[in-house]
Amino acid sequence: MATTTTEKLRKLTGEPERSTSSPQMKRFLIGGIVTFLTSLLLIVYLSPFGYMAVTSLKNVSLISDPGAPILPAVPDTFEYEGEEVPVLEVPIDGETRALALVQPGREMSVFVDPDDPDAGFIEWEGRWRQLESNYTLDPQWDNYSTAWDTLNLTRILFNTFAIAAIGVVGTLASSIAVAYGFSRFRIPFKRTLFLILISTIILPKFVTLVPTFAFFTWIGWTGTWLPLLVPHFFANAYNIFLLRQYFLTIPKALDEAAMIDGASPLRTLWSVILPNAKPAIVAVTLFHFFFAWNDLFEPLIYLAAQPELQPISVAMQQFNALYAQQPHLIQATALLGMALPVLLFFAVQKVFLKGASLAGVSK
């Protein structure tokens with residue numbers, strides 16, 4: 001009865017009927033807009049990688065052809081009476097057909113149908129040079145094998161992975177030890193020492209470059225991997241901060257329980273702290289691995305005269321300089337160099353993001 005009276009009042013006053021689905025419709029529209037904008041941003045962000053992938057599958061002539069399509073394709077040809085003739089897009093009777101040019105002329109040309117050459121000649125009036133070529137998708141997968149062999153990528157990847165893996169072991173061992181001390185032990189002037197340690201993050205690396213290079217040259221380490229490996233065994237302020245903050249989120253009651261059971265500090269670290277700090281450890285591992293994989297400046301300084309020891313960053317830089325006129329090989333090499341880090345990140349992204357997000361939360 002109340003509903004009927006309300007409807008009569010709305011009709012008498014002329015008030016429009018309210019839709020009960022308007023909140024749901026608003027949420028649907030907002031969700032659609034957000035999804036569209038996110039997809040658009042993702043496409044814009046990934047467009048350079050798409051260009052790299054497409055260019056790596058082209059040949060030089062296709063890259064230099066301004067009328068070529070975006071996808072890797074080659075102009076169609078047709079063998080007519082022992083000669084290769086081009087296949088062009090010819091407009092005939094309002095329809096565009098792919099025909100083979102057998103007798104080019106200034107104002108009139110003769111074509112044949114590549115699918116049915118015995119059907120006879122097809123005359124077309126117009127300037128054939130203004131016609132567009134017909135293209136067929138033809139990805140050049142050999143570009144990757146050529147880039148691999150030219151760059152000797154097997155040796156380069158081994159060098160890069162060895163430098164990154166050894167550096168990861170060093171930075172984990174040293175950073176975990178220092179972070180464990182700052183998070184669990186009573187140390188005189190601990191806050192002051194930690195503040196001094198963190199302040200070294202703002203110190204530019206170029207400030208210490210000349211003295212460290214002079215020192216490594218004096219002890220005879222230039223031309224070897226040692227300048228790229230040994231410094232990482234002395235911890236890193238950023239990694240220490242990340243691990244220390246994560247260690248603080250682990251309840252100290254677990255440490256006390258381990259001590260009651262007779263565990264030493266090292267045993268507590270190994271059996272209690274590290275199993276509960278896997279996300280932070282994975283984050284530090286990936287941070288250093290990506291840093292070592294992309295580092296160019298220091299390997300260029302210490303290994304410029306040792307091509308057999310160079311990592312992928314230096315080798316690709318020299319490769320780009322030598323093959324600047326062959327962008328398809330450069331893009332193929334870049335994608336080969338990106339493959340392992342990208343696969344590694346996607347394999348452990350959940351653990352990595354958890355460690356990176358919780359590292360700044362202290363208990």
Side-chain angles (χ1 to χ4, degrees), residues 38-77 86-87 132-165 228 286-301 303-304 306-349 352:
T38 304
S39 303
L40 184 62
L41 290 176
L42 183 62
I43 292 173
V44 172
Y45 179 77
L46 295 178
S47 58
F49 299 98
Y51 171 80
M52 291 174 58
V54 170
T55 305
S56 67
L57 296 174
K58 294 182 178 181
N59 53 36
V60 178
S61 60
L62 187 62
I63 295 174
S64 59
D65 184 4
I70 298 177
L71 297 177
V74 294
D76 277 345
T77 58
V87 177
E132 296 182 357
S133 299
N134 186 69
Y135 289 89
T136 300
L137 193 65
D138 186 25
Q140 305 294 316
W141 298 105
D142 292 341
N143 292 343
Y144 288 95
S145 60
T146 302
W148 186 286
D149 297 335
T150 304
L151 191 59
N152 191 13
L153 207 58
T154 303
R155 180 65 184 179
I156 297 302
L157 289 177
F158 172 79
N159 295 343
T160 309
F161 186 81
I163 293 173
L228 307 178
L286 291 184
F287 280 141
H288 182 81
F289 184 85
F290 294 150
F291 164 78
W293 195 273
N294 297 321
D295 188 22
L296 170 65
F297 195 66
E298 288 190 348
L300 184 62
I301 292 175
L303 300 176
Q306 302 291 335
E308 69 279 2
L309 299 177
Q310 292 174 353
I312 193 170
S313 56
V314 180
M316 286 184 60
Q317 188 72 13
Q318 297 176 351
F319 182 87
N320 294 347
L322 292 175
Y323 293 90
Q325 303 301 321
Q326 301 187 50
H328 59 295
L329 294 182
I330 293 177
Q331 302 298 346
T333 306
L335 287 176
L336 289 174
M338 291 170 52
L340 182 59
V342 171
L343 292 176
L344 181 62
F345 174 77
F346 280 107
V348 295
Q349 61 173 326
F352 169 75

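For clarity, every value in this text was computed on a predicted model and none was experimentally measured.
Atoms CD and CG, from Gln317 and Leu322 in turn, are 11.0 Å apart once rounded to the nearest 0.5 Å. The structure places CG of Asp149 at 7.0 Å from OG1 of Thr146, a figure rounded to the nearest 0.5 Å. One finds the OH atom of Tyr144 at 11.5 Å from the NE2 atom of His328 (value rounded to the nearest 0.5 Å). Annotation: the span from Asn320 atom CG to Gln331 atom CD amounts to 8.5 Å, rounded to 0.5 Å. Remark: Asn294 CG to Met338 CE distance equals 9.5 Å, nearest 0.5 Å. From Gln306, atom CD reaches atom CG of Asn159 across 11.0 Å, with rounding to the nearest 0.5 Å.
Across all their heavy atoms, Phe319 and Leu151 have their closest contact at CB-CD1, 3.7 Å. Listed here is the closest heavy atom pair of Ile163 and Leu309: CD1-O, 4.4 Å. Closest approach of Leu335 to Ala53, counting heavy atoms only: CD1-CA, 3.6 Å. A pairwise comparison of heavy atoms in Tyr45 and Pro48 identifies O-CD, 3.2 Å as the closest pair. For the residue pair Ala332 and Asn143, the shortest heavy atom distance occurs at CB-O, 4.1 Å. The heavy-atom pair separating Pro341 from Gly337 by the smallest distance is CD-O, 3.5 Å.
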Test side-chain contact (heavy atoms from CB on, under 4.5 Å) on Ile312 and Leu153 and set out the steps.
CA-CA 8 Å; Ile312 193 170; Leu153 207 58; 4.2 Å; yes
Before you tell me yes or no, could you show the steps for Leu57 and Trp141 under side-chain contact (heavy atoms from CB on, under 4.5 Å), namely the whole-Å CA-CA distance, both residues' side-chain angles and the distance that decides it to 0.1 Å?
CA-CA 6 Å; Leu57 296 174; Trp141 298 105; 3.6 Å; yes
Checking side-chain contact (heavy atoms from CB on, under 4.5 Å) for the pair Tyr323/Thr333: CA distance, chi angles, key distance, verdict?
CA-CA 11 Å; Tyr323 293 90; Thr333 306; over 6 Å; no
Evaluation steps, ring pair (Phe, Tyr, Trp, His ring centres under 6.0 Å), between Trp293 and Phe289:
CA-CA 6 Å; Trp293 195 273; Phe289 184 85; 5.5 Å; yes
Stepwise, does the side-chain contact (heavy atoms from CB on, under 4.5 Å) test hold for Thr55 with Ile330?
CA-CA 9 Å; Thr55 305; Ile330 293 177; over 6 Å; no
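One N or O on the side chain of Gln310 and one on the backbone of Leu303 form a donor-acceptor pair closer than 3.5 Å. Judged by distance alone, with hydrogens and angles left aside, the side-chain atoms of Ser145 form a donor-acceptor pair with the main-chain N or O of Asp142 at under 3.5 Å.
In the displayed structure, Gln318 atom CD is contacted under 6.0 Å by more than 12 heavy atoms of other residues, nucleotides or ligands. Counting non-hydrogen atoms of other residues, nucleotides and ligands closer than 6.0 Å to CD1 of Ile70 gives a total of 12 or fewer. By the 6.0 Å contact criterion, CD on Gln325 is open, its count of non-hydrogen atoms from other residues, nucleotides or ligands being 12 or less.
For the side-chain contact (heavy atoms from CB on, under 4.5 Å) criterion with Val314, the lone passing option out of Ile156, Asp295, Leu296, Thr160 is Leu296.
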